**Q** 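The following block contains the structure, expressed as structure tokens.
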Amino acid sequence: MNSTFMERTEQAIRGLRRLAYNLWWTWNPKAQDIFHALSERKWRSSNHNAVAVLKSISHAELQARLCEKEFLEQVESVLQEFENYMGKKDTWYTANTSGNGSRLVAYFSAEFGLHECLPIYSGGLGVLAGDHTKSASDLGVPFIGVSLFYRNGYFQQTLGPDGWQHESYPLIDPDTIPVELVTDDAGNPVTASVQIAHATVTFHAYRINVGRATIYLLDTNREENDLHYREITSRVYGGDSTTRVMQETILGIGGVRLLRKLGIAPRVFHMNEGHSAFLTLELLRERLAQGDTRADAEAWVRDHSVFTTHTPVPAGHDRFTPDLLDHLLSMFRERLGFDHETLMSYGRERPDDSEETFCMTVLALKMSQAANGVSELHGQISRDMWKGLFHVDNSEEVPIGHITNGVHILGWMANRTRQFWHKHLGQKWIYYLKQEAIWAQVSDPELIPDEELWALRYGLRRDLIEYVRRMMRHQFQRVGADYDTVQGSILNPDALTIGFARRFATYKRAPLFFRDFNRVVELINNPERPVQIVFAGKAHPRDDQGKRFIQEIVGHSKNPALFGKVVFLENYDINVARHMISGVDLWLNNPRRPMEASGTSGMKILIHGGLNLSILDGWWREGYSGENGWAIGEDSTPASVEEQDERDAALLQEILFNDVIPEFYDRDEYGIPRKWLQRVRKSMETLIPQFNTDRMVSDYVTKYYHITD
Ligand SMILES: *Cc1c(COP(=O)(O)O)cnc(C)c1O
């Protein structure tokens, strides 16, 4: 080894350290390959965590491994790609905005779902926030996120022998995950504090690098805080309403204070759901302290704030009693110079009603310039729901619009799929994901032959099945069940494979599929046209009905009539999701309309050639064209819940039996289901360019972030 070579390897090692701490690697398979190659075992056991892999390898080993020329070149090429990405000047943002590039957006969210090695999210809201951040980075939007560092994260799910969900909260060690402590020039943690009840609660922060974007996570776990306050940020949505107010105080008020400490002055504060709405009160406090009148201060805050609501049911919005807020926020309120009733009035539909609770959504709506729901129907529902607040009779006058959600395509793409598109669309398509022209090419059977599309589907289904078999081995062994004698009968690589995975909130009606049980047994066991279904999902720890739903489905999966054809995968997370959404032929979503504000999991399957079968709710109501998937029911909502459940369950069976299954098994002489693949092409062509976060974030930029231009 000579000294220039030595320098090259040292530079690569420094580059790898930088890379490991930037989640850009989570949407770059070549970068993942490097960490995987460094230690396959650690990569798997750490839930694909690049930092854990690097920390488990000595400097001497890294040096030696990089002496292998091909490996060094592979590393250097990825690092070059990373540096190019980070330094890119000509982005969508610079090309499409009027040059006032300093409009920094601060996006506040109680959860961010970025990757399976960072379990600081519970479900769709977090995954959406994570995908929003990744697309903001890809598009070059000046963007930072603010959230909490949950050192016990969201729970890990295991199932008992009786199918009951058990929760555990492993401690996350910040030293082994891709987060960095935020420090000052002297290397000391940057801290800030908020007043809660009679205490001053101090917090520090961690930084996550997400491509060109940064997320700050606030953490109250500090020695100077009483134990009670140290625990505030320990769990995602942990505890009772007291914990909830305290978490939201840290997130909203603390979040603004941290940014000020760091000298960051965002032009737009985007509240992703009402949890962070206290930030508007802190901004108000700042303006009042500078001498603004209340009217001017409010106008300033509104001019800087944007709000996205996600909840179509009144009960889903955070509401706190006057007593609770009086207790927890009195010190902060005094700094604002408000009396109790004045503070409460910001969160009330009827400001003078001293009985009314404080609603975070009301606060957010009152104090933001623009608000939106997350699909067209959800926009309508939200306008209806908040008519009273805006004192209008006609809900069309309520100033709530909509931007339909999306998914970050590259982050959800299986490597096999990525290679497929590279082969058929060339190298450049990844920069133009939301361009219709790119996906219009999919309709061309010369460019993408049916045979190749079908080969992709088979490959992805096989990958899923092998993953499920590995996971079932763990699940069986943990409860002491014999796996070896049954493993051959778990899932059939030729069968129509359905997926259902999401939080087990009851409105999502996970067991609906089984309502006519005898018919299900018949449908699944047809020897000519076998069907199988993979389930996954967590119920909220306090949701016993959701846990009963899980238990019911686990029970079916053990029924000899369905064994190996109905499976339930434990511990639904981003990793489980990634396998499921790429492997299934059909994604089932049957929420009780109109409760699914948008839904995003059905968007993740599109790129892999899966098809949707869904209620016309949320995004699917906009996406469904008649020939790009299947719809359950009409674009209307039945009068009663019972009627709706009855009707939807019957329709679901009918559509599967009459349409979906026959089309999947209608093969030509070469074994290819031409009609099915035609539908897949339609699905890709019409849906991919719409239902992705590049389109979504660009909508936010043009319609909301630049609203006061
Ligand atoms: C996409 C995703 C969700 C959201 O799924 P919906 O069907 O839209 O509710 C929830 N959890 C995980 C882990 C996901 O990947």
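Atoms within a ligand are numbered from 1 in the order they appear, just like the ligands themselves. In this text the structure is predicted, and so the values were computed from the model without any measurement. Side chains included, hydrogens not; waters and symmetry mates left out as well; all remaining heavy atoms used.
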**Q** Are any of the heavy atoms in R578 under 4.0 Å away from ligand 1?
**A** no
**Q** Using a 4.0 Å heavy-atom threshold (strictly under), name the region of D573 that reaches ligand 1: side chain, backbone, both or neither.
**A** backbone
**Q** A quick test of your reading: do over 12 heavy atoms of other residues, nucleotides or ligands sit less than 6.0 Å from CD of E167?
**A** yes
**Q** Check ligand 1 against G124 and write out every atom of the ligand that is under 4.0 Å from a heavy-atom position of the residue.
**A** 3 (C), 4 (C), 10 (C)
**Q** Using heavy-atom distances, let me know which of W412, W619, Y572 sits nearest atom 12 (C) of ligand 1.
**A** Y572
**Q** Verify whether one side chain among T686 and N628 offers a donor that lies under 3.5 Å from an acceptor in the other.
**A** yes
**Q** Which atoms from ligand 1 have a heavy atom of A577 less than 4.0 Å away?
**A** 15 (O)
**Q** Considering only non-hydrogen protein atoms, determine which one is nearest to atom 8 (O) of ligand 1 and report residue, atom name and distance to 0.1 Å.
**A** T600 N, 2.6 Å
**Q** Over 60° means perpendicular and under 30° means parallel, so classify the ring planes of Y467 and H579, tilted if in between.
**A** parallel
**Q** Atoms of ligand 1 less than 4.0 Å from R502 heavy atoms?
**A** 7 (O), 9 (O)
**Q** Under 3.5 Å between some N or O of ligand 1 and some N or O of S601?
**A** yes
**Q** Would you check, one step at a time, whether the test salt bridge (charged side-chain N to carboxylate O under 4.0 Å, His left out) holds for D138 with K134?
**A** CA-CA 6 Å; D138 288 346; K134 291 172 189 172; over 6 Å; no
**Q** Do R470 and E466 meet the salt-bridge criterion of a basic N to acidic O distance under 4.0 Å?
**A** no
**Q** In terms of side-chain geometry, is the basic nitrogen of R509 or E596 positioned less than 4.0 Å from the acidic oxygen of its partner?
**A** no
**Q** Under 4.0 Å from a heavy atom of G599: which atoms of ligand 1 are those, numbered in the order shown and with their elements?
**A** 8 (O)
**Q** With only distance considered, is K604 within less than 3.5 Å of ligand 1 through an N or O on each side?
**A** yes
**Q** For the residue pair W27 and H408, does the interplanar ring angle fall in the parallel (under 30°), tilted (30 to 60°) or perpendicular (over 60°) class?
**A** perpendicular
**Q** Between the side chains of K538 and D543, is the shortest nitrogen-to-carboxylate-oxygen separation below 4.0 Å, so that they form an ion pair?
**A** no
**Q** Flag K508 as yes when one of its N or O atoms lies below 3.5 Å from any N or O atom of ligand 1, and as no otherwise.
**A** yes
